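As structure tokens, the structure follows; a few thoughts come after it.
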Amino acid sequence: MARFKAKQPSSGAAEKKKPRMSNAERSAYFSRREAAKVLRSVLQGDAHRRAVASIKSLVYSPSIKNKKATFALVCQTLKHLPIIKDVLEGANILNSRWKRQVELVYIITYDILFGQEISFVGDAEKFLLQRKVSLQSALARLLVRKKMKRIEDLLDHYQTPDVSKPRYVRVNTLKLDVDSALIELRKQYMVEKDDLVPDLLKLPPKCDLHDHPLVMNGSVFMQGKASSMVAAALDPEPGWEVLDACAAPGNKTVHLAALMRGKGKVIACELNKERIKRLADTVRLSGAYIEVFHSDFLSLDPKDPPYSKVRAILLDPSCSGSGTVAERLDHLLPSHAAVPQVERIVYSTCSIHQLENEDVVKSILPLAASHGFRLATPFPQWHRRGLPVLEGFEHLLRTDPVEDKEGFFIALFIREEGSVIHPSLSPDSSHLSLVERTKRKNLSKKEARIIMPTLFGGMFKMFLYSKPSFRANLK
Ligand SMILES: C[S@@+](CC[C@H](N)C(=O)[O-])C[C@H]1O[C@@H](n2cnc3c(N)ncnc32)[C@H](O)[C@@H]1O
């Protein structure tokens with residue numbers, strides 16, 4: 001805070017004109033600048049070979065205050081950097097002033113084009129936000145030039161080709177059966193069925209399937225093995241109602257619909273307005289019937305008719321993205337797991353960090369148990385399990401970014417019939433989250449506002465003062 005004050009204009013008149021930053025604005029403002037500092041060091045060093053180690057050591061230096069958000073921002077910006085550089089070049093908007101702060105420009109451009117659009121306070125932010133249309137047009141032109149439709153394809157295209165990484169496609173069984181897909185793909189490639197995930201086909205490394213008719217018409221989806229394990233771990237049954245709480249771009253959503261053989265209902269919830277469009281595109285391409293909601297899943301009322309019959313929940317939040325992941329499951333369980341119908345929950349991330357994986361599971365296990373949930377073992381034949389930092393770690397599933405070519409984490413909670421202990425009947429409330437305890441104590445809103453952010457940050461505010469949702473019109 002002190003650093004921010006030092007940057008305020010000294011004249012009283014100017015100070016009056018500048019509105020005070022909110023906490024969220026201040027946090028985003030400093031995170032971006034801290035991230036830019038780290039990014040500069042990474043890019044100046046041997047960025048590619050030692051990126052992760054370098055970023056970690058740089059972020060964990062005492063000068064970086066907001067470590068989690070900074071780490072996330074640097075990793076995501078680095079991942080998108082080749083695209084960001086091409087977009088900036090295509091948009092041709094940088095003058096010499098901004099070229100001198102190019103790392104900050106990269107970070108903000110990432111946030112504007114791909115990140116969560118929050119709090120664009122600051123001169124660099126204003127400069128780039130005013131040119132958002134130019135940036136978006138340059139991105140659209142880049143996609144056309146590279147003959148690609150989706151950012152994911154562009155990311156794949158820019159990635160240093162890993163000669164040993166097999167390609168995977170998941171057959172969308174709502175449109176085509178696996179054997180027909182095999183016959184069709186074998187006309188061009190050596191294809192075999194994956195030994196673990198049903199409906200997943202393995203192709204040789206470097207196969208470029210972006211333009212393949214089966215991809216273009218939604219009969220197969222280009223989806224990695226680890227990512228395809230997530231919906232399969234939840235294993236929803238045909239006829240169920242299932243909630244995909246963090247859905248865009250929707251690969252796992254449409255996988256859920258395929259696993260349910262188009263019977264029952266998949267409800268897809270997505271917070272980010274821009275990403276809703278991509279979710280809607282994926283849903284259309286898949287031919288699945290999916291109800292899409294533009295909403296914060298934390299604001300959903302499980303008693304509302306659309307959700308009250310939900311039997312399974314997939315929670316695949318933005319990892320390393322928001323800096324608030326550790327609270328997400330904690331919020332989901334008290335609000336949603338109390339619905340007796342919910343019997344399976346999968347929490348997954350594409351993060352390799354204990355903080356976002358085992359630590360999250362560990363923190364909510366007592367609460368989960370109080371609702372009758374226990375950890376179950378998805379893909380028991382898979383050898384790589386969780387880190388041994390909690391009881392039951394062997395139920396957790398990990399994939400390794402080097403050995404398995406993708407880093408993923410999956411935790412599966414199941415609740416067996418008759419095992420529900422309703423929290424309102426439990427005499428011991430120590431397992432309850434602060435929000436529930438606060439509600440029980442009947443604290444005033446003001447008191448709650450003081451206590452809650454201290455422990456759980458902005459998520460409780462979202463929970464209590466969330467925006468109304470609306471249903472996205474896909475027609
Ligand atoms: C890792 S991505 C999900 C990927 C998706 N499951 C798939 O496989 O295609 C996380 C998504 O969750 C969304 N998200 C983050 N917080 C959310 C919230 N509170 N409510 C709903 N969606 C949220 C993000 O905007 C992002 O699109």
Side-chain angles (χ1 to χ4, degrees), residues 69 72 75-76 79 110-111 113-118 150-153 155 168 170 172 197 221-234 242-259 266-283 285-286 288 290 292-301 307 312-332 335-336 346-351 356-357 406-410 456-472:
C75 291
Q76 289 300 321
K79 183 173 160 192
Y110 163 76
D111 256 355
L113 291 178
F114 312 110
Q116 312 246 350
E117 280 201 38
I118 41 158
R150 307 177 326 153
I151 304 299
E152 284 80 5
D153 303 337
L155 281 171
Y168 287 94
R170 184 181 56 73
N172 174 15
V197 185
F221 280 83
M222 292 167 54
Q223 192 173 347
K225 176 163 172 158
S227 157
S228 304
M229 286 161 93
V230 175
L234 189 64
V242 177
L243 170 67
D244 186 354
C246 297
N251 292 324
K252 299 183 190 95
T253 320
V254 297
H255 191 185
L256 290 170
L259 289 167
V266 179
I267 302 165
C269 175
E270 171 55 48
L271 179 65
N272 184 301
K273 203 170 158 192
E274 290 302 312
R275 290 170 67 86
I276 278 274
K277 292 180 198 147
R278 288 168 58 197
L279 172 61
D281 286 345
T282 312
V283 169
L285 188 64
S286 76
I290 286 164
V292 175
F293 287 85
H294 176 209
S295 180
D296 177 348
F297 78 82
L298 297 171
S299 70
L300 304 182
D301 181 353
Y307 316 112
I313 298 174
L314 173 57
L315 182 59
D316 184 37
S318 319
C319 43
S320 309
S322 60
T324 51
V325 176
E327 287 85 44
R328 285 177 190 249
L329 202 55
D330 193 21
H331 284 264
L332 184 77
S335 52
H336 292 81
V346 156
Y347 171 72
S348 63
T349 75
C350 54
S351 165
E356 292 176 299
N357 298 330
E406 250 180 317
F408 253 84
F409 174 85
I410 302 176
F456 296 111
M459 297 302 285
F460 270 112
K461 280 192 202 152
M462 283 169 67
F463 186 85
L464 288 178
Y465 312 112
S466 50
K467 290 179 219 117
S469 61
F470 72 84
R471 199 156 160 176

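Position 1 is the first residue of the sequence, and the numbers go up from there. FYI, side chains are in, hydrogens and waters are out, and symmetry mates aren't considered; it's all heavy atoms of this structure. These numbers come from a predicted model, not from an experiment. Just so you know, ligand 1 is whichever comes first in the structure, and atom 1 is the first atom listed for that ligand.
Residue N272 has at least one heavy-atom neighbour below 4.0 Å for each of these atoms of ligand 1: 25 (O). Per-residue contacts place A247 under 4.0 angstrom from the following atoms of ligand 1 (heavy atoms of the residue considered): 5 (C), 6 (N), 7 (C), 9 (O). Ligand 1 places these atoms under 4.0 Å from at least one heavy atom of D296: 18 (C), 19 (N), 20 (N). Of all atoms in ligand 1, listed by their number and element, those nearer than 4.0 Å to a heavy atom of P249 are 4 (C), 7 (C), 9 (O). Residue A245 has at least one heavy-atom neighbour below 4.0 Å for each of these atoms of ligand 1: 21 (C), 22 (N).
For a threshold of 3.5 Å applied to N or O pairs, the pair formed by L271 and ligand 1 contains at least one separation below that value. Polar contact with ligand 1: absent for L298 (N/O pair, distance under 3.5 Å).
Summarising the contacts of atom 14 (N) of ligand 1 with C246, S348, S351, the nearest heavy atom is found in C246. Considering only non-hydrogen atoms, atom 25 (O) of ligand 1 lies nearest to E270 out of R275, Q223, E152, E270. Among A248, A231, A268, the residue whose heavy atom lies closest to atom 2 (S) of ligand 1 is A248. The residue from G250, S295, S299 that puts a heavy atom closest to atom 9 (O) of ligand 1 is G250.
With sequence neighbours left out, the salt bridge (Lys or Arg N to Asp or Glu O under 4.0 Å) criterion links R275 to no other residue.
With F408 as reference, C350 is the one residue of S351, S228, C350 to meet the side chain to side chain contact (heavy atoms under 4.5 Å, CB included) rule.
The backbone and the side chain of K252 each have at least one atom closer than 4.0 Å to an atom of ligand 1 (non-hydrogen atoms only). Neither the backbone nor the side chain of S227 has any atom closer than 4.0 Å to an atom of ligand 1 (non-hydrogen atoms only). Residue contacts with ligand 1 for C350 are absent, since no atom lies close enough (heavy atoms, distance under 4.0 Å).
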Just distance, no hydrogens or angles: give the donor-acceptor pairs under 3.5 Å from side chains in residues 247-259, sequence neighbours left out.
from, atom 1, to, atom 2, distance (Å)
K252, NZ, D316, OD2, 2.7
T253, OG1, D244, OD2, 2.7

Applying side chain to side chain contact (heavy atoms under 4.5 Å, CB included) to M229 and E406, what does each step give before you reach the verdict?
CA-CA 12 Å; M229 286 161 93; E406 250 180 317; over 6 Å; no
Run the numbers on I151 and L113 for side chain to side chain contact (heavy atoms under 4.5 Å, CB included), then give the verdict.
CA-CA 10 Å; I151 304 299; L113 291 178; over 6 Å; no
Can you list the steps and then say if F297 with L315 is a side chain to side chain contact (heavy atoms under 4.5 Å, CB included)?
CA-CA 10 Å; F297 78 82; L315 182 59; 3.5 Å; yes
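Side chain of H294 to main chain of C269: no donor-acceptor pair is present (N/O by atom type, distance under 3.5 Å, no hydrogens or angles).
To the nearest 0.5 Å, atoms CD1 (I267) and CG (L314) are separated by 13.0 Å. The distance from the CG atom of N172 to the OG1 atom of T282 is 11.0 Å, given to the nearest 0.5 Å.
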